[in-house]
Amino acid sequence: MSLDLPLIWAGLIAVGVLMYVLLDGFDLGIGILFPFTRSRGDRDVMMNTVAPVWDGNETWLVLGGGGLLAAFPMAYSVVMPALYLPVLLMLAGLILRGVAFEFRFRGGLRGRPFWTVMFAAGSILATVAQGLILGGFLGATWLMLKTTDELHGDARRWSLVLGVLTAGFLLAVSLATLLLHPRIALRWGWSGTLDVDHFLGLSPIPVIGAAGLILVLWRAARRDHVWPFLGALLLFLSGYLGLAVSFAPYVAPYALDFRVAAAPDNALGLMLVGAAVALPLILGYTAWVYWVFRGKVDAHAGYHD
Amino acid sequence: LDVDALLLSRLQFAFTIAFHILFPAFTIGLASYLAVLEGLWLATKRDVFKTLYLFWVKVFALSFGMGVVSGVVLSYQLGTNWSEFIRVTGGVIGPLLAFEVLTAFFLEASFLGVMLFGWRKVGPRLHFLATVLVALGTATSAFWILAANSWMQTPQGYEVMADGRYVATDFVQVIFNPSFPSRFFHMILASYLTTALVVGAASAFQLLKRRDQADSRTALRMAVGMIAVAAPLQILAGHVSGEVALEHQPSKLAAIEAYWDTRKAHPLNLVAIPDRAAEKNHFQLAVPGLGVIVAPPDVEVKGLKAFAPEDRPPVFPVFWGFRVMVGLGVLMLVLGVWGVILAIRRRLEANRPFLRFAVAMGPAGFIAVLAGWIVTEVGRQPYLVYGALRTRDAVSPVTQGEVVTSLLTYVIVYAIVFTAGAIYILRILAKGPGAAPEPPAEPRPPGWALAAAPEAVDGEAP
């Protein structure tokens with residue numbers, strides 16, 4: 001068998017992390033938007049829109065971490081201690097916001113406001129720690145898809161403002177990266193002069209991003225409910241692909257080639273068989289769960305008490 | 001190497017995993033119990049089963065959420081604090097952990113959403129299927145994580161490569177290593193017992209207040225039946241685990257029994273204060289002849305002196321952890337047998353001493369699980385992979401300051417989160433299933449009634 005197992009696993013983990021960024025991105029975004037809400041009822045609705053799916057979304061993070069551990073143990077053992085404190089902050093944030101889904105509906109006079117704050121603070125902490133400052137934007141477009149009335153109107157304003165901010169932020173970070181890291185600039189065809197052919201080959205990535213942004217701004221202005229969320233996903237996809245192109249094939253930036261860090265082939269092969277069976281099933285039933293909970297959500301969607 | 005970072009990392013892992021294990025120990029059993037309740041409700045259409053399901057699913061949601069968040073911490077901690085362990089053995093146990101995510105975590109997480117919020121969205125059969133899949137997911141998760149843990153206790157099916165890393169030669173041998181089957185059944189039975197003890201205690205608590213509660217009476221009978229079946233099986237599974245340790249982990253067995261000398265026909269040490277420095281026991285109370293339950297009289301059992309001092313596990317926590325676990329196991333057996341006798345005489349709900357005993361035994365499963373894991377994990381020391389990789393060689397190159405920061409953070413966050421969680425669960429249990437509002441006739445989510453309650457009740461500004 002001549003499958004390039006390390007390459008396949010690098011790809012699978014990249015897809016897992018992308019799934020995490022997209023899916024947990026919007027439910028972290030709900031927490032980030034909590035400080036801007038009008039009423040407790042709105043916050044209940046917002047939480048209820050993601051309550052059935054947040055746990056599944058977060059599992060992609062466990063797959064990303066677990067996949068890196070299992071497929072590239074050497075990379076895992078280098079990257080994790082290096083990121084000791086950011087990982088700690090991310091986990092602390094994820095704990096506080098994760099339990100808030102249940103605790104917020106159980107707390108009494110003091111408990112409930114406390115867990116509201118913890119949900120928002122935890123979401124923000126986790127997001128900042130992950131460097132996904134764009135989560136709030138995804139959250140806003142998700143809310144446009146899932147809510148009605150005044151909250152939907154708020155969500156539309158959030159989407160427009162955050163969409164512009166996100167796009168500006170992406171552009172600024174991209175340009176700064178190109179200026180500060182000549183190796184990345186080279187990847188994109190810039191070595192003092194622009195290698196036009198090389199850049200054109202990669203140009204679909206920024207084009208996808210621009211298309212996503214236009215979709216968000218245009219459709220949100222036209223009061224569309226579905227397309228802004230899809231546009232936001234496109235914008236994220238473009239940012240993610242850009243990052244992947246800039247750093248591949250290194251797992252720790254330009255320090256550790258993924259082939260060197262890979263687990264033995266028999267371990268990768270066994271896991272690939274498992275993933276080939278399990279991943280389609282996971283994607284299938286995840287899609288089914290989203291289908292079950294499709295449509296608008298109101299304050300009475302919870303099951304508590 | 002920074003010794004303090006090692007000690008702190010060990011403390012941190014012990015602290016975080018001790019909190020974590022409480023939740024799986026409870027939710028593996030509770031998920032199965034919920035599946036049984038919903039199945040019985042579908043089959044008999046008796047309201048009591050639905051009431052119990054809607055009651056216990058609230059406790060499940062809280063416990064499961066805390067289990068998820070405390071579990072994510074552990075999977076990342078393997079990298080942040082035990083990176084050498086992963087670098088060396090990742091090629092062997094990595095796939096087991098990856099399979100846990102692929103076959104269990106997604107299943108649990110996805111269908112939990114349907115289980116909690118899908119009451120109005122899917123039909124009763126599909127909802128039942130979701131409950132069954134969540135229960136299946138919890139047991140599958142236990143399968144993989146216990147396979148990984150058992151391999152660390154009794155490693156086989158691997159070889160060491162030139163660069164020191166391990167490579168599996170046979171994954172079937174890695175998974176089905178000698179201590180895995182007995183450990184898996186021991187843990188599954190432990191979680192069934194833990195759940196049954198909690199359900200029994202909560203029901204007995206309600207019946208002590210008011211005897212005529214049909215749902216609590218049913219729940220108590222189910223719990224007593226489970227304890228009566230599982231407690232003797234558990235003692236058997238524990239005994240088999242001991243036999244595996246006798247053969248494969250002699251230094252652990254010597255610590256469990258506080259044996260210092262190697263000989264045949266040891267007495268059984270009931271009570272002792274083991275002293276590692278003096279290599280003997282103080283205040284020893286031993287029964288000659290009873291050692292036959294540890295090993296047959298003609299089999300030589302190694303004592304701790306047969307191992308170099310740096311290869312011996314700590315004796316005191318292993319010896320006493322084992323005795324706490326076994327003592328509680330015997331009490332569980334007493335509870336089960338007593339309960340069955342009362343049930344046959346139809347005096348179960350009327351016997352107040354029994355009900356008080358059942359309430360007192362509520363936390364026994366959790367304590368026994370913690371004690372048992374102390375025996376397993378401390379008894380494996382000084383190794384992380386028994387006989388192969390020492391704990392001190394597995395730690396990450398992190399600084400003392402970093403680990404102090406993380407340990408303090410976890411202590412503070414866990415103190416807040418798990419205190420609040422325990423209070424919320426105890427509040428639900430104190431109310432009891434009888435207090436739950438009657439579900440509306442048309443299929444609405446169970447949370448409907450209170451979700452629409454007045455804003456002022458709970459303090460957050462409307």
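The basis for the numbers below is simple: all heavy atoms, side chains too, and nothing from hydrogens, waters or symmetry mates. Below, read A as the first sequence line, B as the second, and so on, with proteins coming before strands; counting in each chain starts at 1.
With a 4.5 Å cut-off on non-hydrogen atoms, B:Thr409 touches chain A through its side chain but not through its backbone. Residue contact with chain A, scored on non-hydrogen atoms closer than 4.5 Å, involves the backbone and the side chain of B:Val114 alike. Contact annotation for A:Trp288: only side-chain heavy atoms (C-beta onward) come within less than 4.5 Å of a heavy atom of chain B. Proximity to chain A involves both the backbone and the side chain of B:Phe105, based on heavy atoms less than 4.5 angstrom apart. Using a 4.5 Å cut-off between heavy atoms, B:Leu96 makes no contact with chain A at all. With a 4.5 Å cut-off on non-hydrogen atoms, B:Val403 touches chain A through its backbone and its side chain both. B:Tyr424 touches chain A through its side chain: at least one heavy atom from C-beta onward sits under 4.5 Å away, while N, CA, C and O do not. If you measure heavy-atom distances from B:Val413 to chain A, the contacts under 4.5 Å come from the side chain alone. Contacts of A:Ile282 with chain B are made by side-chain atoms alone, with heavy-atom separations under 4.5 Å and no backbone atom involved. For a residue to count as touching a neighbouring chain, one of its non-hydrogen atoms must lie under 4.5 Å from one of that chain's; by this rule B:Tyr76 touches chain A with backbone and side chain alike. Heavy atoms of B:Leu102 lying under 4.5 Å from chain A belong to its backbone as well as its side chain.
The choice from A:Asn266, A:Val99, A:Val62 that makes the most heavy-atom pairs within less than 4.5 Å of chain B is A:Asn266. Interface summary for chain B: among A:Leu91, A:Leu279, A:Leu96, the most heavy-atom pairs under 4.5 angstrom belong to A:Leu91. Ranked by heavy-atom pairs shorter than 4.5 Å toward chain A, the options B:Asn81, B:Leu112, B:Leu78 are led by B:Asn81. The choice from B:Ala109, B:Gly65, B:Gly421, B:Ser110 that makes the most heavy-atom pairs within less than 4.5 Å of chain A is B:Ala109.
Proximity of B:Leu429 to B:Val59: side-chain heavy atoms (C-beta onward) are separated by under 4.5 Å at one or more points. The side-chain heavy atoms of B:Phe55 and B:Ile428, taken from C-beta on, include a pair separated by under 4.5 Å. Side-chain atoms of B:Val69 and A:Leu94, non-hydrogen and from C-beta on, never get closer than 4.5 Å to each other. You'll find the side chain of A:Met271 stays beyond 4.5 Å of the side chain of A:Leu12, heavy atoms only.
Using bins of under 30°, 30° to 60° and over 60° for the plane-to-plane angle, the ring pair B:Phe418/B:Phe19 lands in the parallel bin. Using cut-offs of 30° and 60° for the angle between ring planes, the B:Tyr158 and B:Tyr166 rings count as parallel.
Taking the centre of each ring, B:Phe15 and B:Tyr410 stay at or above the 6.0 Å mark.
Note that CZ of B:Phe117 and NE2 of B:His127 are 10.5 Å apart. Values are rounded to the nearest 0.5 Å. Atom NE2 in B:His20 sits 9.0 Å away from atom OH in B:Tyr414 (nearest 0.5 Å).
For B:Arg87 and B:Asp163, the salt-bridge test fails: no basic side-chain N is under 4.0 Å from an acidic carboxylate O.
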